Amino acid sequence: MSEESGGGQPVRTDGSLSASLRAQSEHVWEGLHAHPFLRELSGGVLPLEKFRFFIEQDLLYLPDFARCIAMGAAKSRTESELRYFTAQLQGTLGMEIPNQQRVLGRLLELGAEDRAGALGMAPANVAYTSYLKAVAALEGPLEIVAAVLPCAWSYVEIAERLAGERADHPVYSDWVGFYLTDEVRSLVGTMREDFDSMAWEADLGPTRRNRLAEIFAMSSRLEGAFWEMAYTLDQWPDLRVGPEPLVARRPALAQADAPARALTGRD
């Protein structure tokens with residue numbers, strides 16, 4: 001079952017909690033789809049330095065995203081919850097981080113200019129990861145899923161919308177294609193199903209439902225802030241000033257690479 005949003009796009013309303021949270025944040029998600037970063041990426045005209053900045057920031061974001069999922073595993077009350085968080089952690093470390101590293105390598109080969117994206121988390125990235133870590137530290141497994149779900153889900157939905165309109169591009173087409181793979185789409189589908197099952201088993205009251213909606217909406221807003229950060233190259237002023245030597249960038253990139261290296265056993 002679906003209904004039409006204000007932008008003319010169908011919104012799933014299948015009665016599940018995940019669909020309800022998505023519908024309540026519809027105006028935020030439409031803003032994600034309409035963001036100029038994604039519109040220009042779709043047309044193949046987004047400046048490479050903006051995409052490099054985004055990828056470098058994402059490589060700093062994803063380890064903290066994984067840590068929040070790991071906190072969910074630590075707080076799991078059932079075996080099914082533990083399996084769920086373990087699978088999501090494996091997907092982040094085993095698929096997404098290596099893919100972003102591969103994309104960054106391609107951008108460097110193409111000569112994408114450095115805009116200090118790897119020197120440290122930009123303000124919007126700090127805000128997003130701090131929020132995720134606060135939810136992971138203070139709340140339970142269901143709230144943690146509500147916090148991380150907009151990231152994974154929105155990327156697949158964005159890729160699905162861009163699939164039929166993306167211009168041929170040596171990096172952008174491939175990046176969109178990653179989120180259209182069966183593995184990634186299945187992971188997000190399972191994420192939604194498990195969230196809905198966890199919510200059903202918890203027999204939620206109105207207060208907790210409202211709290212989950214607040215968390216989901218805030219993470220959705222922070223997704224929008226992340227795209228805006230990348231589009232405007234919004235970095236801390238002291239990191240924006242002047243060219244930085246490559247050696248200054250290595251600690252941040254090495255930290256971002258650590259989870260994937262630990263998983264693969266690479267030194």
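Remember, it's a predicted structure, so these values are computed and weren't measured experimentally.
Between the side chain of S16 and the main chain of A19, a donor-acceptor pair closer than 3.5 Å is present. Using modelled atom types, one side-chain atom of S76 and one backbone atom of G72 make a donor-acceptor pair closer than 3.5 Å. A donor-acceptor pair under 3.5 Å is formed between the side chain of T86 and the backbone N or O of L82.
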Applying side-chain hydrogen bond (donor to acceptor under 3.5 Å, both in side chains) to E40 and Y172, what does each step give before you reach the verdict?
CA-CA 10 Å; E40 291 181 17; Y172 303 157; over 6 Å; no

Report the C-alpha distance between S173 and R166 in whole Å, list the side-chain angles of each, state the deciding distance to 0.1 Å, and finish with yes or no for side-chain hydrogen bond (donor to acceptor under 3.5 Å, both in side chains).
CA-CA 7 Å; S173 298; R166 54 179 166 159; 5.1 Å; no

Would S154 and W29 count as a side-chain hydrogen bond (donor to acceptor under 3.5 Å, both in side chains) if you check the C-alpha gap in whole Å, the side-chain angles of each, and the deciding distance to 0.1 Å?
CA-CA 8 Å; S154 69; W29 282 53; over 6 Å; no

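A distance of 6.0 Å or more separates the ring centres of W227 and F51. Taking the six-membered ring for Trp and the full ring otherwise, the centers of Y84 and F195 sit at least 6.0 Å from each other.
Checked for salt-bridge contact, E143 and R209 miss the test: no charged N lies under 4.0 Å from a carboxylate O. One finds no salt bridge joining K75 and E139 here, because no Lys/Arg side-chain nitrogen approaches an Asp/Glu carboxylate oxygen to under 4.0 Å. A salt bridge is absent between R185 and E183; no separation between the charged side-chain nitrogens and carboxylate oxygens falls under 4.0 Å. The pair R39-E165 meets the salt-bridge criterion, since a charged nitrogen lies less than 4.0 angstrom from a carboxylate oxygen. Looking at R102 and D174, a side-chain N of the basic residue comes within less than 4.0 Å of a carboxylate O on the acidic one, giving a salt bridge. Taking a cutoff of 4.0 Å between a charged side-chain nitrogen and a carboxylate oxygen, R106 and E109 qualify as a salt bridge.
Using modelled atom types, one finds no donor on one side chain facing an acceptor on the other under 3.5 Å when comparing E201 with S197.
Remark: E157 CD to L162 CG distance equals 10.5 Å, nearest 0.5 Å.
Of the candidates M191, E223, R22, W153 forms a side chain to side chain contact (heavy atoms under 4.5 Å, CB included) with just one, namely R22.
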